[in-house]
Protein chains: 2
Amino acid sequence: MTDRTRSRDRDDVGLPDPPWRSPRRPLRRRITREGIVDAAAVVLDRDGADAVTARAVAEQMGTGPASLYAHVDGKNELLELLVDRVIGEMAVPEEASAERWTDQLRQMCHDTRTVLLAHPGIAKVALAGPPSGPNALRRTESLLGVLRTGGLSDQVAGLAVDLLSLFVVSSAYEADVRRSAVAASETDWPAKLEGYFAALPPHYPNIIDLAAELTRPSEVERFEFGLDVLIGGIRALGHSADG
Amino acid sequence: MTDRTRSRDRDDVGLPDPPWRSPRRPLRRRITREGIVDAAAVVLDRDGADAVTARAVAEQMGTGPASLYAHVDGKNELLELLVDRVIGEMAVPEEASAERWTDQLRQMCHDTRTVLLAHPGIAKVALAGPPSGPNALRRTESLLGVLRTGGLSDQVAGLAVDLLSLFVVSSAYEADVRRSAVAASETDWPAKLEGYFAALPPHYPNIIDLAAELTRPSEVERFEFGLDVLIGGIRALGHSADG
DNA sequence: TCACAGGACGAACATTGTTCGTAGCAGCGA
DNA sequence: TCGCTGCTACGAACAATGTTCGTCCTGTGA
């Protein structure tokens, strides 16, 4: 339980790699938490989250893996910091509006999804731990504001914020998995899967019948559908008597 | 791309560990796919999904890790088989009923969650790959039947089946993570988190205000809420004009 | 200038998934 | 019954990973 809440309100964290002098650094470098997360972000965007290993991050900094452990508790903490950094790329609405609250909700969910998908593999990491960093907190705060402004009860707002986040992150994870799977085998997968479903033995009449509906929708369509269902359902539940 | 679809319609897969003769087996054992999955299931239930390593499974069978690779493509395939075996423990309704379709839906979601949580760590694995095994297919078939019997359009049924599965599995994953985290540090975590939220700086008025609502609901309550929202939303969307 | 404390880092350890090469068993034809 | 052939169980090893230990350097205060 180190002081993870300290040194948070800095906005100059994202500086990309100040070229101090030259690639040769005979001087002993000064390693910082922020520098480590910077290096991890570079590796993340270049090779994906699975490539964010202690060695890769260290090499990106021009040192060995042992050098990280004086500033970061372990890979877990490093990944948490990385996730929060990604979440920090998202914009949050200035002020919640009572009329446009569902639009704001949709917008925030879209933005979360976008930043997650912009960094391949990070959704899986985000799913692993509950959001605890300052940027995630800021997002939760804003989300709660929108929900309450929409007239939802406190109880429903509290539950809905978790539900929406779970949906957005897990949906991004699935999209990510599917995307990299498609990237691996370049054959167009939905068509093959549809053929497979359609050719199933007759024990599966519904799957055979709905082969197209099961395989054709894009990830975006699925996401939009989920968003419609969730927001509609939350609205209905939140405006009845009490949840 | 091996013949993964072959040898599927066997129901005697679940036999627990026939004690052939004695722990000493001077005879060369006959290793089968089913035997490997059996052993993996034993390790899973004993030590959790993270402990399902090639070595652990092999040791459970009294052999070395290399012996598995003649029957299983790799750890991925082994885990897929394991997930499908777990899904197979779930009961599916005999026939879809037009009146009780939402009850049947809830029941199936509950059952899925139950079997997932009965095997610690398996939800994470189930989340990784889209369901492809015969048991998952049977479940999807049944789910589709219930949704169509409920009067939903084909399009909505196809999307809803994915959405529901995503919610159930990811929610089980979160419950699993939380459970093992609580098991690790035996202090009661929700209370601590609530205190942390309540003591946040005033930049977070909503989180401070809803600290209790955010931390107190149990995993079951969250799950029930999500189910209410999803089924309500699906119902509303499926019975309007067209999705 | 000098001693000290903190940290950068080389090397190593344990654990993982996976592959190679060997050797032994099973089944089959004679 | 005997020998051959092909499949396969499996010991050993390899590469990659997270993490720790001990050493030595370096910046800093007196």
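In what follows, chains are A, B, ... by sequence order, proteins preceding strands, each numbered from 1.
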Worksheet item: Quick one: salt bridge (charged side-chain N to carboxylate O under 4.0 Å, His left out) partners of Arg55(A), sequence neighbours excluded?
Response: none
Worksheet item: What residues form a side chain to side chain donor-acceptor pair (under 3.5 Å) with Ser171(A), not counting sequence neighbours?
Response: Arg113(A)
Worksheet item: Looking at the rings of Phe223(A) and Phe167(A), which for Trp means the six-membered one, are their centres under 6.0 Å apart?
Response: yes
Worksheet item: Can you check the Met61(A) CE to dA8(C) C1' distance for me, whole Å?
Response: 11 Å
Worksheet entry | All salt bridge (charged side-chain N to carboxylate O under 4.0 Å, His left out) counterparts of Glu224(B), not counting sequence neighbours | Arg106(B)
Worksheet item: Partners of Glu194(B) by side-chain contact (heavy atoms from CB on, under 4.5 Å), sequence neighbours excluded?
Response: Ala211(B), Ala212(B), Thr215(B), Arg216(B)
Practice prompt. Nearest whole angstrom, please: distance from the C1' of dA8(C) to the CD1 of Ile36(A).
Written response: 11 Å
Worksheet item: Just how far, in rounded Å, is P of dT8(D) from CZ of Arg33(B)?
Response: 13 Å
Discussion item. Checking Ser218(B) now: which residues fulfil side chain to side chain donor-acceptor pair (under 3.5 Å) with it, not counting sequence neighbours?
Written reply: Glu221(B)
Worksheet entry | Nucleic acid footprint by protein, nucleotides 11-21 of chain D - heavy-atom cut-off 4.0 Å, B for base, S for sugar-phosphate alone | BBB---BBBB-
Response to the item:
Hits for side-chain contact (heavy atoms from CB on, under 4.5 Å) against His71(A), two or more places apart or cross-chain, chain-then-number order -> Ile31(A), Arg33(A), Ile36(A)
Practice prompt. Report the distance from atom CG of Leu68(B) to atom P of dT18(C), rounded to the nearest whole Å.
Written response: 10 Å
Practice prompt. Round to a whole Å and report the spacing from CD of Glu59(A) to C1' of dG10(C).
Written response: 15 Å
Discussion item. Show every salt bridge (charged side-chain N to carboxylate O under 4.0 Å, His left out) that has at least one partner inside residues 116-141 of chain B, sequence neighbours left out.
Written reply: none
Discussion item. Based on the rotation axes of five pairs at each end, what angle does the helix from dT1(C)-dA30(D) to dA30(C)-dT1(D) bend through, to 10°?
Written reply: 10°
